[in-house]
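Note that this is a predicted model, so its numbers are computed, not measured. Every chain is numbered from 1 and lettered A, B, ... according to where its sequence line falls, protein lines coming before strand lines.
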2 protein chains.
Amino acid sequence: MKNNKKTLFVRKSRQREVMLEVLKGTKSHPTADWIYQEVRKSLPKISLGTVYRNLKLLKERGEILELHYGDGQSRFDGNTENHYHFNCQGCGKVYDVEGPLKKDMERDIAEKLGFVITHHRVEFYGVCRECREEVSLHLKEERL
Amino acid sequence: MKNNKKTLFVRKSRQREVMLEVLKGTKSHPTADWIYQEVRKSLPKISLGTVYRNLKLLKERGEILELHYGDGQSRFDGNTENHYHFNCQGCGKVYDVEGPLKKDMERDIAEKLGFVITHHRVEFYGVCRECREEVSLHLKEERL
DNA sequence: TTAGATGCAAAGGGTTTGCAACGTC
DNA sequence: GACGTTGCAAACCCTTTGCATCTAA
C-alpha cells in the first residue's frame, strides 16, 4: 500500500481531455509515446511528462488500464470493460478478446486460499491470422 | 518475429548453472537483482550483466518464465509447469495458483477468431491472507 | 487567490551492450 | 584453436521529477 498522493482534488485540463479521447478512440493498446505523438496533433506543445502524469492519474481513477508485455514500455487501454487480451507473437499486436469473464475462477481460488480477489486478467499468446502466412515465410527463410 | 541471434550453440557455465539452481529453489518469483545477490553468495565475482544475459538465454530456451507487473522490474519464475499467479496488492508477493488450466478457453477463442494460441496466462489480483489485518490497520490510520 | 496542471530538462533506474579476457568443447 | 561466456563499465531508453509558470475554479 504505497501511495503518497498530495493533491486534494483534480482540475480538468485540455491535455487530459484530449488524451482520454485518443485512448477511447483506439483499440490499439498504444504506448505512452504513441499517445504523445497523437495528442500533439491537436496540442503541439504538450510534453511527454504531462502525458505520463495524466496516464498515471487516469489509471489511478480507473479510467484506463495499463498493460505490461515486457517489451520495455507500458501499453494503455482505454477500454475498461471486462475483457481479455490476445497477444500476437508475430506482429506484437494486442487484440481484445470479448466474452464472459470467468468469475467462478476467482471464487474457487479465493475460497481455497483465503485471499480476497478483486479482479483477474487473462492473456492469450499465439499467432494472429494475418501473421500466419508470414510466419511460414520466415521459417522457410531460416531454413536456408 | 524479431530475433537476431548469432550463437550456434550453448556452452555450459557455472554461472548459469547456479542461477538455475537458485531459480528452481525458490517460489518467490524474484527480480534479476535478487537473483544476482543470491548467486553472488557462491560466485562473488559474477556480474549483473551476466545475470541478465543468462536470464534471457534461459527464458528463450523455455527453462524459466519472465513476469511483468509494472513495478519497474521483471520477475522470473523457475517453475515452468502450467500454473496461474496471484498478485497481492498489499505486500507485492506473487503466489502460485495450482489447479487445472482452462485449456478450453484457448480452444473457444482460437476457433472464434481464427488465431493459433500457444498458451495463456492468468493473473489474479487482490489481498492475501497475511495482508488483510494490515490493510484494515492502514485504513484506520488514513482516517486520522 | 489558491493549489492543481504543464513544459522543459535533468535525473532515475532497470536492462542492454561493446570489448578484452577467460572458459568450454 | 574456435567460439561461446564473463566482468566491467558505459550506454540505452522509458519513466519520473523539480521547478518556474500557467490556469481552472
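- A sub-4.0 Å separation between OP1 or OP2 of D:dT6 and a side-chain N or O of B:Ser13 is present.
- Distances were taken from every side-chain heavy atom of A:Tyr52 (C-beta onward) to each of D:dT6, D:dT15, D:dA25; the shortest belongs to D:dT15.
- A salt bridge links B:Glu66 with B:Lys59: the distance from a Lys NZ or Arg NE/NH1/NH2 to an Asp or Glu carboxylate oxygen falls below 4.0 Å.
- Atom pair B:Tyr36:OH and C:dG14:C1' shows a separation of 14 Å (rounding to whole Å applied).
- Separating the NZ atom of A:Lys56 from the C1' atom of D:dT16 is a distance of 8 Å, rounded to the nearest angstrom.
- Spacing between atom CG of A:Asn54 and atom P of C:dG4 amounts to 15 Å, rounded to whole angstrom units.
- What separates CG of A:Leu43 from P of C:dC8 is a distance of 12 Å, to the nearest Å.
- Using a 4.0 Å heavy-atom cutoff across all strands shown, B:Ser74 reaches sugar-phosphate atoms only and no base atom.
- In this structure, A:Leu48 places its CG atom 15 Å from C1' of C:dA11, rounding to the nearest Å.
- Side-chain proximity of A:Thr50 to D:dG4, D:dT15, C:dG7: nearest is C:dG7.
- In the set C:dG4, D:dG4, C:dT6, the nucleotide with an atom closest to the side chain of A:Arg11 is C:dG4.
- Among D:dT15, D:dT6, C:dG7, the nucleotide with an atom closest to any side-chain atom of A:Ala32 is D:dT15.
- Looking at A:Arg53, its side chain comes within 3.5 Å of the base of D:dG18 through a donor and an acceptor atom.
- Across the protein-nucleic acid pair, B:Ile46 atom CD1 and C:dG23 atom P stand 14 Å apart, rounded to whole Å.
- Classification of B:Glu130 and B:Lys93 as a salt-bridged pair holds, one side-chain N sitting under 4.0 Å from a carboxylate O.
- Heavy atoms from other residues, nucleotides or ligands lying under 6.0 Å from NZ of A:Lys103 number more than 12.
- Panel note: side chain B:Arg75, backbone B:Val94; no donor-acceptor pair is recorded below 3.5 Å.
- Within the 3.5 Å criterion, the main-chain N or O of A:Gly78 finds a donor-acceptor partner in the side chain of A:Lys24.
- When heavy atoms are screened at a 4.0 angstrom cut-off, B:Gly72 is found touching the sugar-phosphate backbone but no base atom.
- Residue A:Arg14 contributes atom CZ, which lies 17 Å from atom C1' of D:dC22 at whole-angstrom precision.
- The side chain of B:Lys45 has D:dC8 as its nearest neighbour among D:dT6, D:dC8, C:dG4.
- Ranking D:dG7, D:dT5, D:dA25 by closeness to the A:Lys12 side chain, first place goes to D:dA25.
- Contact between the side-chain N/O atoms of A:Gln15 and the OP1/OP2 oxygens of D:dT23 is not found at any separation under 4.0 Å.
- Separating the CZ atom of B:Arg16 from the P atom of C:dC25 is a distance of 10 Å, rounded to the nearest angstrom.
- Nearest to the side chain of A:Gln73, among D:dT15, C:dG14, D:dC8, sits D:dT15.
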